[in-house]
> 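Sharing a structure here in C-alpha cells format.
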Amino acid sequence: MKPGFSDPVFGAQSGFAALMNAMARPGRIQDCNALHEPPPGLDPAAAAALLTLADAETPLWTDAEGEARDWIAFHTGAPLVEDVARAQFLLATRAMPALASVDLGTDETPQDSATLIVQVATLDDASGWRLTGPGIQHEHRLTVTGLPADFAVQWARNRTHFPRGVDVVLCAGTRLAGLPRTTRITEDR
Amino acid sequence: MYVAVKGGEAAIEAAHAWLAERRRGDAALPALSPEQIEQQLGLAVDRVMAEGSCYDRGLAALAIQQARGDLIEAAFLLRAYRNTLSRFAACEPVDTGAMRVQRRISATYKDLPGGQVLGPTFDYTHRLLDFALAAEGIAAPQEAEASEAPMPRVTELLAREGLMARDAPDDGAPPPDLTREPLPFPTPRALRLQSLARGDEGFLLGMGYSTQRGYGNAHPFVAELRMGEVEVILAPPELGFAVSIGDVTVTECQMVNQFAGSATTPPQFTRGYGLTMGHGERKAMAMALVDRALMAPDLGEDATAPAQQAEFVLLHADNVEATGFVEHLKLPHHVDFQSELEKIRSIRARWEEKA
Amino acid sequence: MNAMPPRNTPGSAYNFAYLDEATKRMIRRAILKALAIPGHQIPFGAREMPLPYGWGTGGIQVTAAILGPRDVLKVIDQGADDTTNAVSIRAFFAKVAGIATTTRTAEATIIQTRHRIPERPLTEGQVMVFQVPMPEPLFRLEPRLAETRRLHALGDYSLAQVKLYEDIAKQGEAGTSYNHPVMVAGRYLMSPSPIPGFDNPKLHNSPAIMLFGAGREKKIYAVPPYTAVESLDFDDHPFRPMRAPHACSACGSTTSYLDEIVADDQGGRIYVCSDTDHCRENQTP
Ligand SMILES: [Zn+2]
C-alpha cells in the first residue's frame with residue numbers, strides 16, 4: 001500500500017493551510033502537494049485533503065474503489081459509510097452525489113453539515129464563473145471541468161438553505177479550490 | 001512609568017524564582033517528598049485526582065507539592081498533563097457492587113447484608129486539635145483489612161420490590177467523553193455525571209446543600225455510601241478476552257429521594273448518583289444530591305431552583321475553568337478600560353449639558 | 001528563554017505546537033466550518049492547556065492548529081508585544097514549535113491578539129487569531145446557551161436591538177465601549193472579542209483571515225477576508241468608534257488608539273499608542 005504523508009505533522013499542516021485558504025478565499029486555486037504518492041485513482045490534493053481532515057470520528061463516503069478505498073480506510077481510520085446522507089466527508093472521484101442528498105446540518109447546528117470533496121478534471125481561475133460573497137473582494141473567476149452540467153443550479157439551491165448547506169472542495173491534480181456555502185456563482189452567458 | 005505597566009521576560013523569570021523559593025520554605029527544615037504527600041495527605045491527593053480527572057496518586061502528589069498545596073492549581077496541573085496523554089482504550093464499566101469495601105454505610109436500614117463498615121472516617125471523631133500529633137508525630141497505624149464479605153447494593157433491594165426507579169440499561173454504545181467534545185444542552189446523564197465527577201467539591205457542596213434548604217424540594221436519604229477498591233478491566237477487541245489492569249479506590253454514593261409519580265410512572269423512589277475517584281465522600285454525596293436535582297425536568301418536576309438548572313450547574317462546576325476566568329481579571333485590561341473612560345466622559349458631558 | 005527544536009518525533013515529550021494531531025484535526029475541521037458560516041459559533045472539544053482558561057487558551061489552540069514551521073508569529077496583549085501574557089504565550093510557541101516570532105506587524109503571518117487589532121492595515125498573507133473570553137454576544141441579555149443558540153438559528157437579535165435602543169434613549173449613545181457586537185455578512189450577530197469599538201471598523205472587509213477562539217467556552221468562529229462586518233447600530237445613531245482626543249506623547253500620532261497613563265500624583269495624564277509596534281514605526285525616521 002502507498003504511504004500517507006511522509007511527515008504526518010507537517011504534511012497535515014500544509015494540507016490544512018491550502019484548505020483554510022481555499023475556504024477563506026473561494027475560487028482561489030491553492031497548491032496542495034503535501035502528498036507525494038497517492039494511490040491509483042486519487043489526485044494528490046484530494047487524498048491530502050482527506051488525510052488532513054478525516055479520522056475515526058468522521059464518517060466518510062467515497063466512490064473510490066480497490067486500492068484507493070483501502071488506502072483511505074487505512075490511513076484515515078474513518079468509518080466508511082454507504083449512505084451519502086450519513087457522511088461528514090464525501091470524496092467523489094467519478095459522479096458527484098447530488099448536493100441535496102448530503103447532510104446539510106440544522107439551523108441551530110449548521111456546522112454539522114457535510115464537506116464534499118470532488119475530484120474534477122481541471123481548475124482554471126482566469127475565466128468562467130463569476131464568484132462573489134464572503135472571502136471575495138470583488139469577484140473571483142473559476143472554470144471547472146468535470147462537474148455535473150447542472151452544478152450551478154444545484155449550488156444556487158444549496159445557498160437558499162443558509163445557514164444550512166454543504167461546502168465543496170474541488171480538486172484537480174495538486175490543486176484545489178473551495179466553495180463554501182456562502183459563495184454565489186454567476187454563470188457567464 | 002510606562003515600562004511599569006508592561007512587564008517583560010525578566011519580570012516573569014524573577015517571579016518564577018521567587019515562587020520556587022517560597023515553595024521550598026525554610027531551607028533549614030527537611031524538604032517534603034511527593035511520597036510523603038501521597039502517604040500522609042492522602043485526601044488532598046484524592047481530591048486532586050478527582051478534580052484533575054486523572055488517577056495517578058504519585059502525579060497528584062507531585063502536583064500538590066509544585067502548587068504549594070493549592071489544590072485547584074494542582075488539579076489544573078494534572079489536567080494539563082492528562083491532556084497530553086494519548087488514549088488507547090476505554091475500560092469496562094467498573095463494578096462497584098464487587099468493591100473490596102473499606103467503608104460502607106447505609107442510613108436507610110439499621111442493618112443489612114454485609115453490615116455497616118465504618119472504615120477510616122472522621123465521623124464520630126471529636127474535633128479537638130490533637131496536640132500529641134504535633135509533639136510526637138503520627139503513630140504507626142494498625143493494619144486494617146478490607147471487607148471481603150459480599151455487599152449487595154441497597155438500592156438493588158428496593159428495586160427488586162419495584163420501589164426504585166431503574167436506571168436506563170446499558171445500550172452498549174460507547175460512552176460520550178466530556179474531555180473530547182463540548183458539553184451539549186440538554187445534557188445526557190452520562191455526560192452530566194462526568195461533569196459532576198470532576199466538578200469542584202466546594203461548588204457541588206453548596207449546590208447540594210441548597211437542595212436541602214428548600215431550593216429544589218429534596219428529601220434525600222443516604223441509601224448507601226461505599227468506599228473501597230474496584231478492579232479496572234480492559235477488553236481490547238484484538239485480544240478477545242478481558243484483562244485486569246489494576247485496582248482504583250473510588251467512593252460511591254446512592255442517594256434516595258421520593259418521587260410523587262406522574263400519569264405514566266407510579267410513585268416510587270429515585271436515586272441520585274455520586275462517584276468520585278479516591279476517598280471523597282463529601283464530594284460523592286454532594287454530587288448525588290445535585291444529580292438528583294438535575295433530574296427534575298425529566299421527571300416533570302418544577303425546575304426553578306439553581307441546583308435544578310443544568311446549564312447553571314454544569315457550566316459553573318468546573319474549578320479549573322472558573323479559576324481561570326475569575327483570575328484572568330488580573331491580566332491588563334487597560335485598553336478596554338480606556339474605552340470605558342472615553343465612554344463615561346462622553347455620556348457625562350451630555351448629562352451635564354442637560355443638567 | 002532557550003528555544004527548543006520542534007518535537008514531533010516519537011518519544012519526545014510533546015508534539016509540534018503542543019497539541020496532538022487528533023486534536024488539531026478536530027480544531028481544523030471547526031475552523032473550516034467557521035469560515036463557511038461567517039460569524040457562527042462552532043462548539044469544539046477544547047482541551048486543557050498548560051495556561052489557565054481565560055488567559056488565551058482558545059487563541060492558543062487555534063494558533064497551534066494552523067501554525068506551520070515557516071510561520072512568523074506575533075503575540076500582542078492590549079496592543080503591546082511586551083505585556084506579560086503576550087511574552088508568556090510567545091515564549092510558549094517558541095518553545096513547543098520552535099517557530100520564528102516577531103514584534104513587527106508587517107513581518108508576521110499569524111498575529112495572536114487579546115483586545116486589539118494592530119493599527120497597520122493587515123494583508124492577505126496574514127491570519128489574526130483573537131482570544132475570546134465570552135463568544136456569545138447575547139450573554140448579558142440571555143445567559144442560557146440553549147436559548148441563544150435558538151435565537152441565532154432564527155436570526156432573532158431583537159434583544160440586542162432593544163438594549164441598544166434603551167441605552168440611546170437613556171444616555172444618548174450605545175452603552176458598550178468595547179466588545180460592541182457586530183453583524184457578520186448580514187446574518188450572524190458576533191462578539192468581536194473585547195476590542196475597543198475603535199477597532200471594530202478594522203474587521204470590515206479586511207484582507208486577512210480573522211479566527212476567534214474561546215477555550216473555556218469551547219467555541220470557534222471566523223470572519224473570512226473581505227466580509228461585511230457592521231457594528232450594531234441604528235441609522236439615526238450610527239456606531240461611533242472612540243479614542244482619547246490626544247496625540248501620542250512618544251510618536252505624535254493623532255489617529256492611533258491611545259493608552260492613558262497617570263503620570264504623577266496630581267492627576268496629570270500622558271497618552272501613548274497602545275500598539276507598540278505602530279508607535280515604534282512612527283518614531284523611525
Ligand atoms: Zn505613538
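Throughout, protein chains are lettered first and strands after them, A, B, ... in sequence-line order, and every chain is numbered starting at 1. Everything quoted here is computed from the prediction, not taken from an experiment.
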> Determine the minimum heavy-atom distance between A36(C) and F162(A), stating which atoms define it.
O-CE1, 4.1 Å
> Relative to chain A, which segment of V127(C) carries a heavy atom at a distance below 4.5 Å: side chain, backbone, both, or neither?
side chain
> Just to verify, which of H40(C), Q41(C), K33(C) counts as forming a side-chain hydrogen bond (donor to acceptor under 3.5 Å, both in side chains) with Q111(A)?
H40(C)
> For the residue pair E21(C) and P8(A), establish whether any side-chain heavy-atom pair is separated by less than 4.5 Å.
no
> Which atom pair, heavy atoms only, marks the closest approach of P163(A) to I37(C)?
CB-CG2, 4.2 Å
> Within a reach of under 6.0 Å around CZ of R140(C), are more than 12 heavy atoms found that belong to other residues, nucleotides or ligands?
no
> Check each atom of T106(A) against the heavy atoms of chain C and say whether the ones under 4.5 Å are side chain, backbone, both or neither.
neither
> Could you tell me which portion of S14(A) (side chain, backbone, both or neither) has an atom closer than 4.5 angstrom to a non-hydrogen atom of chain C?
neither
> Which heavy atom of P134(A) sits nearest to which heavy atom of P224(C), and what is that distance?
CB-CG, 4.1 Å
> Any non-hydrogen side-chain atom of Q13(A) less than 4.5 Å from a side-chain atom of L67(C)?
no
> Please answer whether the main-chain N or O of E124(C) pairs with a side-chain N or O of R25(A) as donor and acceptor at a distance below 3.5 Å.
yes
> Please tell me if the side chains of L35(C) and P180(A) come closer than 4.5 Å, counting only heavy atoms from C-beta onward.
no
> Grab the two heavy atoms, one from T227(C) and one from G135(A), that are nearest each other, plus how far apart they are.
OG1-N, 3.5 Å
> Are any of the side-chain nitrogens in D107(A) or R149(C) under 4.0 Å away from the carboxylate oxygens of its partner?
no
> Select one option (side chain, backbone, both, neither) describing which atoms of A17(A) are under 4.5 Å from chain C's heavy atoms.
neither
> Non-hydrogen atoms of chain A under 4.5 Å away: do they reach the side chain of A65(C), the backbone, both or neither?
backbone
> Is the CZ atom of R159(A) crowded by more than 12 outside heavy atoms at less than 6.0 Å?
yes
> Side chain, backbone, both or neither: which part of A56(A) has a heavy atom under 4.5 Å from chain C?
neither
> I136(A) versus chain C, heavy atoms under 4.5 Å apart: side chain, backbone, both or neither?
backbone
> For the pair R25(C) (side chain) and T52(A) (backbone), establish whether a donor and an acceptor sit closer than 3.5 Å, ignoring hydrogens and angles.
no
> Check the surroundings of atom CZ in R144(C): do more than 12 heavy atoms from other residues, nucleotides or ligands lie under 6.0 Å from it?
no
> Report yes if the side chains of F89(A) and R29(C) come closer than 4.5 Å at any heavy-atom pair, otherwise no.
yes
> Answer whether the closest heavy-atom distance between the side chains of L32(C) and V169(A) falls below 4.5 Å.
no
> Which atoms of I31(C) are under 4.5 Å from chain A, going by heavy atoms: the side chain, the backbone, both sets, or neither?
side chain
> Tell me, side chain or backbone of D20(C) under 4.5 Å from chain A's heavy atoms, or both, or neither?
neither
